[in-house]
**Q** 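There's a structure below that I have some questions on.
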Amino acid sequence: MKNETKSLNFLEHIIEEDIANGLPVEKLKFRFPPEPNGYLHIGHTKAIGISFGLGLRYNAPVNLRFDDTNPAKEEQEYVDAIKRDIKWLGYSWAEELYSSDYFQQLYDWAVQMIKEGKAYVDSQSSEAMAEQKGTPTQSGVNSPFRDRSVDENLELFLGMKNGEYPEGSHVLRAKIDMSHPNMLMRDPIMYRIVNKAHHRTGNDWCIYPMYDWTHGESDYIEQISHSLCSLEFKPHRELYDWFKEIVYDYQKEELPLQPKQREFARLNLSYTIMSKRKLLKLVQDGYVSGWDDPRMPTISGLRRRGYTPEAIREFVNRVGVAKRDNVIDVSLLEFCIREDLNQRAPRVMAVVDPIKLIIDNYPNDKEEWLEAENNPEDESAGSRKVPFSKILYIEKEDFMESANSKYFRLTLGKEVRLKNAYIIKGESVDKDENGNITVIHCSYDPDSLSGSGTEASLRKVKGTLHWVSSQHALEAEVREYDRLFMDEAPDSHPEKDFLEFLNPESLVIKQAYVEPSLISAEVGHRYQFQRLGYFCVDLDSSIEKLIFNKTVGLRDTWAKLQPKQEQVKKQPKKPQPVQQRPPIEIIKQIGKKFTNYPEEKQLKLKSEILELAKGVNYSDLEPLFNTSAKKVGTRAAVVLALGVVLQNGMKLTSEGIDFLQQCAQDSSKILSTEASDILKGQGLS
């Protein structure tokens, strides 16, 4: 493995280092731990790819474990959908497990913690506990029930388990430190009362463990070597380790391996919502037809739309594994499916916005079956026969009654080629009483049949149109899907509802005509409708009514047009992951003139900095601690961001303390006040 070091991502480097330090390769074990409270979406594919990819790389087992600790939101439907999606992506798990498998063990460990004075029953309201928690700059306050006797705690906890108390009356909390700088360590809740049936355990339990208590201990029970999760869990790592070390003391003989939690950047996609809660709202309120609506970013929705597992896996591979959150342009995902289907999808002809075309000099009773290539990218795909006759359908947009010299489709007096067929010339049109064209009349050159080798067939014309024979065509419903949201980041506007950005044109249904070979098209089959895009047979389709979903167009119609000279000079490039400007860079830019603005403007910018700081890590801020004292605005912006980062559980380094102490002495009121407040909260004033 050492000779592959250059190609390793940072998670693989961690694993390689652990192996070098004595961890046996056969002890490697990973897991993918979804919560069964919704369908998997495109964001989950990264976590799936990382865990199962590491399993393949190291020939190590990967468990599928459902973290099912909230019966109010979890359903068997979600469990089944998650399993179906992972299998469809091409992955296999070693064991199918559930956190609910460990409810008794978790309860027994909790009882042991109570006996050792490491946990207690709190009988306050959630509001009271929240008030006592403090702030990142202010220590919390001990619960009045924190010093209950062991016997009283055991009696209350048993009563909670036996269903003797209503929801909200008691919780079990770990006894850690209400002054801890990481607010997650301030006596976190371990158990709450939930009087609802669980999808697996039924009514056996009236108390359910919290995620932070359950997750790490489940990893430990399964002897997972590396617990890999997204960056939002980084502040939780300290609590993960605290719980893990306690239970390790209880059972280190039977369970000798302590898991290691490490975090990676989650997958965020432009024009897409990743929140399960918001996706559920789209489903429940009828904005989409269900979790598998082809506009949804769920794996089920992508599958129904026509995406392939190979394309999704290639997308995840291109995105890579990073330590810092970013936003990937959805056009990269679309590029991956476009590239994949270009290789595998058979070509067929379909007309989705038809207009009738009559070849006046073609014999009325003549019918030909012409040769058509199935896929020029695949030599083994062979060919098929398509019928040709006097009356055809073409796309309305492929004809213009009069056009300039740059229009290369059909117009009066000019020639184009019909795909796999003849060269035709526009002659005249029929119109209705409103002046709308209803029929196009043309003539054809009978010697120009494509592939016949005649001189006429070799004649060059600039346009080629697809078509279908009217007497042979099959009627079909075509569902043209577009992006569900019109905004690049629809849930990033605190003052607006994400639903305001729904795209009213995300679904357009058209009645189309397709070539007769598609009579045998089966649900899930994918095709390229020539010159139109890639389409998939929908699960609602039947022999009586063919239905096709548009997967993606032949090119990115959302892309901004380049200047004409650039279009000539540059060849199209494969899209790469597109990152939004990092929040820290925007904070630095705001900081440059921050103190130059009036107070009202400063308050507005302060709110913007505090929001941006949610996407900043402590490591982003450390290099700015040495910012020149004269750059007051930048230092103030850094202090504001630092307050948010510390609120999320990060610890101050000595450099950070020095920086804050200097700022607290500054003549700038906003700088000194903010810095002093943080120091007070850290007990350093």
Side-chain angles (χ1 to χ4, degrees), residues 35 37-46 73 78 230-232 265-302 304-305 307 325-334 479-510 549-553 556-561 575 577-583 585-587 589-590 600-601 603-616 644:
E35 296 178 65
N37 59 358
Y39 280 52
L40 296 180
H41 55 63
I42 187 65
H44 293 111
T45 59
K46 183 173 182 180
K73 295 184 177 181
Y78 299 141
S230 48
L231 276 178
E232 65 263 33
R266 66 187 302 173
L267 174 56
N268 298 302
L269 201 63
S270 64
Y271 298 98
T272 308
I273 291 289
M274 296 294 193
S275 162
K276 281 186 186 177
R277 177 179 58 81
K278 292 178 179 178
L279 292 176
L280 180 61
K281 182 174 180 60
L282 291 174
V283 174
Q284 290 181 332
D285 292 355
Y287 294 102
V288 294
S289 61
W291 284 98
D292 67 344
D293 187 299
R295 293 166 292 180
M296 290 281 275
T298 56
I299 297 175
S300 295
L302 291 169
R304 186 173 177 182
R305 185 160 174 169
Y307 275 75
D325 279 333
N326 54 28
V327 178
I328 306 302
D329 195 321
V330 69
S331 64
L332 177 61
L333 176 62
E334 293 167 344
R479 299 172 179 176
E480 292 192 343
Y481 292 101
D482 211 333
R483 296 175 186 175
L484 187 56
F485 294 96
M486 301 182 70
D487 188 83
E488 191 170 7
D491 58 351
S492 67
H493 307 274
E495 73 285 359
K496 292 185 177 181
D497 189 330
F498 76 102
L499 295 172
E500 293 182 33
F501 302 104
L502 281 170
N503 178 6
E505 301 296 318
S506 63
L507 170 58
V508 176
I509 298 177
K510 295 181 178 179
N549 297 326
K550 185 175 183 180
T551 305
V552 69
D556 185 2
T557 56
W558 281 68
K560 293 181 180 178
L561 294 176
V578 177
Q579 298 187 12
Q580 286 185 339
R581 195 175 177 201
E585 294 301 322
I586 303 176
I587 290 173
Q589 182 181 5
I590 294 173
E600 184 178 347
K601 176 74 169 178
L603 290 173
K604 184 176 180 181
L605 292 174
K606 177 180 176 180
S607 298
E608 190 172 342
I609 291 170
L610 295 177
E611 184 63 30
L612 288 164
K614 295 177 182 178
V616 170
V644 175

**Q** Which residues satisfy the salt bridge (charged side-chain N to carboxylate O under 4.0 Å, His left out) test with Lys510, sequence neighbours excluded?
**A**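 Once residues adjacent in sequence are excluded, the partners of Lys510 under the salt bridge (charged side-chain N to carboxylate O under 4.0 Å, His left out) criterion are Glu480.
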
**Q** Can you name the salt bridge (charged side-chain N to carboxylate O under 4.0 Å, His left out) partners of Arg305, sequence neighbours left out?
**A** none

**Q** Under the salt bridge (charged side-chain N to carboxylate O under 4.0 Å, His left out) test, which residues partner Lys276, sequence neighbours left out?
**A**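 Testing Lys276 for salt bridge (charged side-chain N to carboxylate O under 4.0 Å, His left out), a comparison that skips the adjacent residues, returns none.
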
**Q** With salt bridge (Lys or Arg N to Asp or Glu O under 4.0 Å) as the rule and sequence neighbours excluded, what pairs involving residues 492-504 come up?
**A**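 Matches after skipping sequence neighbours: none remain.
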
**Q** Which pair of non-hydrogen atoms, one from Asp482 and one from Arg295, has the smallest distance, and what is that distance?
**A**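 Asp482 and Arg295 have their closest heavy atoms at O-CG, 4.1 Å.
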
**Q** Working to the nearest 0.5 angstrom, can you tell me the gap between Leu502 CG and Leu484 CG?
**A**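 With rounding to 0.5 Å, CG (Leu502) is 5.5 Å from CG (Leu484).
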
**Q** Do Pro583 and Asp325 make a side-chain contact, defined as non-hydrogen atoms from C-beta onward lying under 4.5 Å apart?
**A**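 No, side chains not in contact.
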
**Q** How would you list, by chain and number, every residue that makes a side chain to side chain donor-acceptor pair (under 3.5 Å) with Tyr39, sequence neighbours excluded?
**A**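 Partners of Tyr39 by the side chain to side chain donor-acceptor pair (under 3.5 Å) criterion, ordered by chain and then number, come out as Glu77.
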
**Q** Do you know which two heavy atoms are closest between Val330 and Ser270, and how far apart they sit?
**A** N-OG, 2.9 Å

**Q** For Thr45 and Leu267, work out which heavy atoms get closest and say how close.
**A** OG1-CD2, 4.0 Å

**Q** Sequence neighbours excluded, which residues qualify as side chain to side chain donor-acceptor pair (under 3.5 Å) partners of Arg266?
**A**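 So Arg266 forms a side chain to side chain donor-acceptor pair (under 3.5 Å) with Glu232.
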
**Q** Quick check for you: to the nearest 0.5 Å, what is the distance between Asn268 atom CG and Ser492 atom OG?
**A**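 Between Asn268 CG and Ser492 OG, I get 11.0 Å after rounding to 0.5 Å.
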
**Q** Going by salt bridge (charged side-chain N to carboxylate O under 4.0 Å, His left out), name the residues that satisfy it together with Glu611, two or more places apart in sequence or in a different chain.
**A** Lys614

**Q** Where is the tightest heavy-atom contact between Trp291 and Thr298, given as atom of each residue plus distance?
**A**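 Of all heavy-atom pairs spanning Trp291 and Thr298, the closest is O-OG1, 2.5 Å.
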
**Q** CG of Asp329 to CG of Leu269: how many Å apart, nearest 0.5 Å?
**A** 8.0 Å

**Q** Enumerate donor-acceptor pairs with a distance under 3.5 Å from any side-chain N or O in residues 280-288 to protein atoms, sequence neighbours excluded.
**A**
residue	atom	partner	partner atom	Å
Lys281	NZ	Asp285	OD2	2.8

**Q** Please report the interatomic distance CE(Met274) to CG(Leu279), rounded to the nearest 0.5 Å.
**A**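 So the CE of Met274 and the CG of Leu279 are separated by 9.0 Å.
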
**Q** With sequence neighbours excluded, what pairs up with Ser275 under the side-chain contact (heavy atoms from CB on, under 4.5 Å) test?
**A** Ile273, Arg277, Lys278

**Q** Going from CG on Leu612 to CG on Leu605, what distance comes out if it is rounded to the nearest 0.5 angstrom?
**A** 10.5 Å

**Q** Looking at every heavy atom in both Met486 and Pro504, which two are closest together, and how far apart are they?
**A**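 Shortest heavy-atom separation between Met486 and Pro504 comes out as SD-CD, 3.8 Å.
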
**Q** A side-chain contact here means heavy atoms from C-beta on lying under 4.5 Å apart; do Ile509 and Leu507 qualify?
**A**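 Yes. Closest side-chain heavy atoms under 4.5 Å.
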
**Q** Which residues satisfy the side-chain contact (heavy atoms from CB on, under 4.5 Å) test with Asp292, sequence neighbours excluded?
**A**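 With neighbours one apart ignored, the set is Ser300, Arg304, Leu539.
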
**Q** Only one of Glu334, Glu488, Glu505 forms a side chain to side chain donor-acceptor pair (under 3.5 Å) with Arg483, so which one is it?
**A**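 In the set Glu334, Glu488, Glu505, the residue that makes a side chain to side chain donor-acceptor pair (under 3.5 Å) with Arg483 is Glu334.
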
**Q** Would you please name every residue forming a ring pair (Phe, Tyr, Trp, His ring centres under 6.0 Å) with Phe501, sequence neighbours left out?
**A** His493

**Q** So do Phe485 and Asp491 actually touch side chain to side chain, heavy atoms under 4.5 Å?
**A**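 Asp491 does not reach Phe485 side chain to side chain.
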
**Q** Roughly how far, to the nearest 0.5 Å, is the OG1 atom of Thr272 from the CE atom of Met296?
**A** 11.5 Å

